[in-house]
Amino acid sequence: MLRGAVLLMSLLGAVSGMHSYDQQNRHARLSESKPYVVKPVGVADATTWTIDASKPLVNVSADLFGIFFEEINHSGFGGLYSQSISNSNFEDGRSIVSPWKPLGSERLTIDSRRPLNGHQPHSLRIQALGQSKGSTIGVTNPGFWGVDVNQPSYSVSFFVRSDSITSLTVSLVNGAKTYATADVDGITREWTKKTLTLKYDPVNDAAASFQFSWQSTGLADESLFLDVVTAFPGEGWKGLPYVRSDLAEMMANIKPAFVRFPGGCYVEGDDLVNRFNWKNSLGPIENRPGHWNLWNYWTEDGLGLYEFLSLIEKLEDPYGNPTRAIWVVNNGISHAQSLTPDQVTPLINDAMDSLEFAMGDPASTEWGRMRADMGHPQPFPISYVAIGNEDCGKPWYEENYKLFYTAINTKYPDIQLISNCEPKSFKEGAKTQVWDFHIYTSPDKLAAGANTFDGSYYRNEGAKIFNSEYAVTTGAGKGNLIAAIAEAAWMTGLERNSDLVTTASYAPLFVNQADYTWSPDAIVFNSQAVYGTPSYWNQVLWSTSFNGLVSGSVQTLAYQLDPTANVTVAVSVGKANSALQKAQAGANLVLIHKLVNLKADAQPIDITINNLPAGATLNPTLDVVTLAGSDPNQENSMADPEAIKTVPSTLTVTGPSFSTTLPPYSATVVRAYATTN
Ligand code: AHR
């Protein structure tokens, strides 16, 4: 084999060692690399806001607000992907047994002498060390920081072999308590797969463990081998048995226009060998070895490309349309390496194959057939493909981007392609349909940056913007009120400029409380419970402000605001042409006001709506939803999960000029309805 080919194979296929990631440095680099135009901020006793309902500024992009799912913080593995056995296939490259524990003095080792298959070279050997005949031998697994017993059942499967043991008991236990138990017979010298269901009356205990045990024969060498052990709770979500339903519901409640997945840096890997290699994420779980995730854990790739697409298929946007998929592909760049253009062809082929897997004809394409064999003959539409993540300026990004662009665009001209570089950053120029803009910063900077996209600075570049990652990350605690309010201010700028910024998502989405690698996040969970940070509630506030406007167009309207006011505002209008909207409000025009007050003082505001359609009258009752609190540092918690949340109310007005008061630290959506007869 040629030396170059050997090098490439080792880059893409070798096993690598330790991994680290300098999150703080990366943050600093990101926040410093974009120009901010700081809006003058003063104090106003009263703010006047005049809206010209006849002058649309912009049609709001139907794809504007979505979500970004990254395998980070055990968001998927140990989270949304509800597999409840950790270190289930013993493949993490470090030969570690933990968190499996012996019941007594059994010896636990990672064995590689008789592998289950070529994908699973390692298994767990449980060896009795001279225990007396009849004593209980075995192991426990605590899942991901405790197994939740507040579930009706677990479906368990595992591969097992033994030269001396023929039966095994599987239980759900916590110390001396046994919640459920099932016996398994027919264990032989050959690897066999066993499946069973543990059923019990749910109890409030999230610190249980799974136990695999047998009665000792008393023989000198008594060993049992386990591999690829899985346990999934309940029924899953919407027919997907591997999805944790409470987390999925939280995600679905955002009504995302799109899901960007599966990363982030997760797509890149510290080394290319540790990128998300979607081809290793297909088929039965015993064929998926998993890979090292640069966010410091092994992921077993149970949440593979097929599972991601199946999950996205179950979501819908605020208009009731299917949520779109934004698939991020590796472009030959990891945190440590960049492939040259003549090395990158295998990864271009990988990207093309992934699109064939998602959308190819089952009868005539190899990867389309694979998708059909996995249970989904219908295509999964992919609306956007992002070529890499945060790789602009890295060696060969520009050259490789062009190769990916040409290959994908030639075969799939309808897919929007997202580059990591803005058009002016390409040294030699390149076609850019959409480019990716990330911002993590302080509340002040994010709020003040709400006018970043006003004017011509970015608009003149001629490409759309995907603000795929934004969040307040300094002064935000683990997700506090002021972070959410500043994000709301930022979002007013996105909406007002959504002819330019067509897609945007908060980041990251999920965190398992036991693995706060990145903070803050929108949705916090442990093995039993979940809550939304104020940022989560802000996301819901925005998406549900459009809710019910099925197929309605949404526009931002011309408005005028006291320029000295420390209030950031945006206003949208949508035609209420859905049956639901008519039933709710009896109206055929809805004015949706977004009002953000970043100050500690309540903010009076006078609103005048001019130029309603001829004959239209404003309904006297306006719907109001407010996210607010008196302490900017207030956070939600497991103990008080809804300390900060959206609260609905109404406002009664007598005509198109009216006043209201914005609470301190608040984001408010006011829906006004106008009716023409
Ligand atoms: O959102 C967390 C990380 O932030 C993403 O992986 C990366 O794109 C960014 O640096």
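Whatever order the structure lists them in is the order used to number ligands and atoms, beginning at 1. Throughout, numbering of the chain's residues begins at 1 and tracks the sequence.
By the 3.5 Å distance cut-off applied to N or O atoms, Cys265 is counted among the residues near ligand 1.
Atoms of ligand 1 found under 4.0 Å from any heavy atom of Trp518 (numbered from 1 in listed order, with element): 2 (C), 3 (C), 4 (O). Near Gly264, with a cut-off below 4.0 Å to any heavy atom, the atoms of ligand 1 are 5 (C), 6 (O), 8 (O). Numbered from 1 in the order shown, with element, the atoms of ligand 1 that lie under 4.0 Å from a heavy atom of Glu70 read 1 (O), 2 (C), 3 (C), 5 (C), 6 (O). Numbered from 1 in the order shown, with element, the atoms of ligand 1 that lie under 4.0 Å from a heavy atom of Asn389 read 7 (C), 8 (O).
At a heavy-atom cutoff of 4.0 Å, ligand 1 is contacted by the side chain of Tyr440 but not by its backbone. Residue Tyr470 does not touch ligand 1, judged by heavy-atom distances below 4.0 Å.
Under a 4.0 Å N-O distance rule, the pair Glu495/Lys594 qualifies as a salt bridge. Salt-bridge formation is not detected for the pair Asp499/Lys464: no Lys NZ or Arg NE/NH1/NH2 atom is positioned less than 4.0 Å from an Asp or Glu carboxylate oxygen.
Residues Trp298 and Phe77 place their aromatic rings such that the two centres sit no closer than 6.0 Å. Annotation: Phe232 is not in aromatic contact with Tyr242 [ring centroid separation under 6.0 Å not met].
Phe357 and Trp278 have tilted rings, their planes meeting at an angle from 30° to 60° on a 0 to 90° scale.
Side-chain contact check for Asn467 and Trp490: at least one donor-acceptor pair (N or O, by modelled atom type) lies under 3.5 Å.
Under the 4.0 angstrom criterion for non-hydrogen atoms, Trp295 is in contact with ligand 1.
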